[in-house]
Amino acid sequence: MTEALAERLHPGTIQLAHRVTAIEVTEQVELTMEQSGSRFRQTFDHVIVTLPPRLSGLIQWRPALPESVHDQLRTTPTWMAGKAKVVAVYDTPFWRQSGRSGFATSWSGVLQEIHDASPPTGPGALFGFFRLTATERATLGETAVKRQVIEQLIRLFGEEAGHPIAVLYQDWAK
Ligand SMILES: Cc1cc2nc3c(=O)[nH]c(=O)nc-3n(C[C@H](O)[C@H](O)[C@H](O)COP(=O)(O)OP(=O)(O)OC[C@H]3O[C@@H](n4cnc5c(N)ncnc54)[C@H](O)[C@@H]3O)c2cc1C
């Protein structure tokens, strides 16, 4: 989708890997940017900032943002920044053979939300969002987290869930 949208823009409109370090508003707006260690400035008529709000503190604003706005941006959490995801991969989506959907919601297991994430053909995959907080996951450690994930999947989907061919774990809080 992003590529289709980008194709409608004039060539050169999108400049990836350019980090904005300062925004100065006069009659126009001057951005200071860094790319591969070099710093340069460019002037625009308008600027729309779509950073995660709390990153706005890393930008020098001239004139400075009002303190109340700055505080509000700094204390706005990044949605889902503390989350982790896990995918348990199996030879087949075995749960379907017993009429199970692969979907689950739990308020007691380590995973809170589980989905069937299998491709249309071939292997099976169960995907989960954690109920555990980032601190709880860090305290348990990756090995224990993965073990508890599989134990929960066994409780929900049966013994076959105990034999994944891979358990892919990504803790985004890190
Ligand atoms: C772990 C995790 C899992 C998620 N899972 C899902 C999901 O399953 N489904 C779903 O719908 N949503 C999910 N989300 C939410 C989704 O990713 C966000 O809502 C969405 O990406 C927000 O888009 P955005 O454009 O506001 O910000 P971002 O995607 O964060 O884009 C901001 C951009 O600004 C750039 N940037 C930062 N600083 C500067 C700077 N100084 N100069 C220039 N550029 C800068 C960043 O590199 C980034 O590209 C997830 C988020 C996280 C963190």
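Ligands are counted one by one from 1 in listed order, and the atoms in each one are counted from 1 as well. Residues: numbered from 1 along the sequence shown.
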Would a single hydrophobic cluster contain both Leu126 and Phe103, if residues Ile, Leu, Val, Met, Phe, Trp and Tyr are joined by side-chain heavy-atom contacts under 4.5 Å?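 Looking at the clustering, Leu126 is in a separate group from Phe103.
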
ILVMFWY cluster, Val145 and Ile150 together (side-chain gap under 4.5 Å):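 Yes; tracing contacts between hydrophobic side chains, which count when under 4.5 Å, links both residues.
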
Is Lys85 in polar range of ligand 1, meaning some N or O pair under 3.5 Å apart?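 N/O-N/O distance under 3.5 Å: yes.
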
Nitrogen or oxygen of Leu51 less than 3.5 angstrom from that of ligand 1: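 Leu51 vs ligand 1: no N/O contact under 3.5 Å.
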
In the protein, which heavy atom is nearest to [atom], and how far is it?
atom: atom 31 (O) of ligand 1; value: Thr50 O, 4.6 Å
atom: atom 53 (C) of ligand 1; value: Met80 O, 3.6 Å
atom: atom 41 (N) of ligand 1; value: Val20 O, 3.0 Å
atom: atom 43 (C) of ligand 1; value: His18 O, 3.4 Å

Taking [atom] as the reference point, report whether a protein heavy atom occurs under 4.0 Å from it.
atom: atom 19 (O) of ligand 1; result: yes
atom: atom 14 (N) of ligand 1; result: yes
atom: atom 22 (C) of ligand 1; result: no
atom: atom 10 (C) of ligand 1; result: no
atom: atom 38 (N) of ligand 1; result: yes
atom: atom 5 (N) of ligand 1; result: yes
atom: atom 33 (C) of ligand 1; result: no
atom: atom 48 (C) of ligand 1; result: no

For atom 1 (C) of ligand 1, which of Trp172, Phe129, Trp79 has the closest heavy atom?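 When every heavy atom of Trp172, Phe129, Trp79 is considered, Trp172 comes closest to atom 1 (C) of ligand 1.
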
Counting C-beta onward and ignoring hydrogens, is there a side-chain heavy-atom pair between Phe129 and Met80 closer than 4.5 Å?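 Phe129 vs Met80: side chains touch.
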
Taking Thr13 for the side chain and Leu9 for the main chain, is one N or O donor matched with an acceptor at less than 3.5 Å?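 The answer is no, because no donor-acceptor pair under 3.5 Å joins these two groups.
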
With distance as the sole test, does Gln112 use its side chain to make a donor-acceptor pair with the main-chain N or O of Trp107 at under 3.5 Å?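 Side chain of Gln112 to backbone of Trp107: no pair is present.
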
Test of understanding: with side chain to side chain donor-acceptor pair (under 3.5 Å), list the residues that count as partners of Gln35, not counting sequence neighbours.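 Result, side chain to side chain donor-acceptor pair (under 3.5 Å) vs Gln35: none returned.
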
List every atom of ligand 1 that sits less than 4.0 Å from any heavy atom of Pro52, numbering the atoms from 1 in the order shown and giving each element.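 So the atoms of ligand 1 that pass are 30 (O), 32 (C).
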
Between Arg74 and Gln72, do the side chains contain an N or O donor and an N or O acceptor separated by less than 3.5 Å?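 Judged by distance alone, the side chains do not pair up.
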
With side chain to side chain donor-acceptor pair (under 3.5 Å) as the criterion, how do Arg54 and Thr78 come out once you've worked through the C-alpha distance, each side chain's angles and the decisive distance to 0.1 Å? CA-CA 7 Å; Arg54 63 187 175 144; Thr78 304; 2.7 Å; yes

Under 3.5 Å, which donor-acceptor pairs link side chains of residues 157-174 to any protein atom two or more places apart or in another chain?
{"residue": "Tyr169", "atom": "OH", "partner": "Asp171", "partner atom": "OD2", "Å": "3.4"}
{"residue": "Asp171", "atom": "OD1", "partner": "Arg137", "partner atom": "NH2", "Å": "2.9"}
{"residue": "Asp171", "atom": "OD1", "partner": "Ala173", "partner atom": "N", "Å": "3.0"}
{"residue": "Asp171", "atom": "OD2", "partner": "Arg137", "partner atom": "NE", "Å": "3.2"}

Given Trp61, which partner from the list Val69, Val25, Val49 fulfils the side chain to side chain contact (heavy atoms under 4.5 Å, CB included) test?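 The side chain to side chain contact (heavy atoms under 4.5 Å, CB included) with Trp61 is passed solely by Val49 among Val69, Val25, Val49.
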
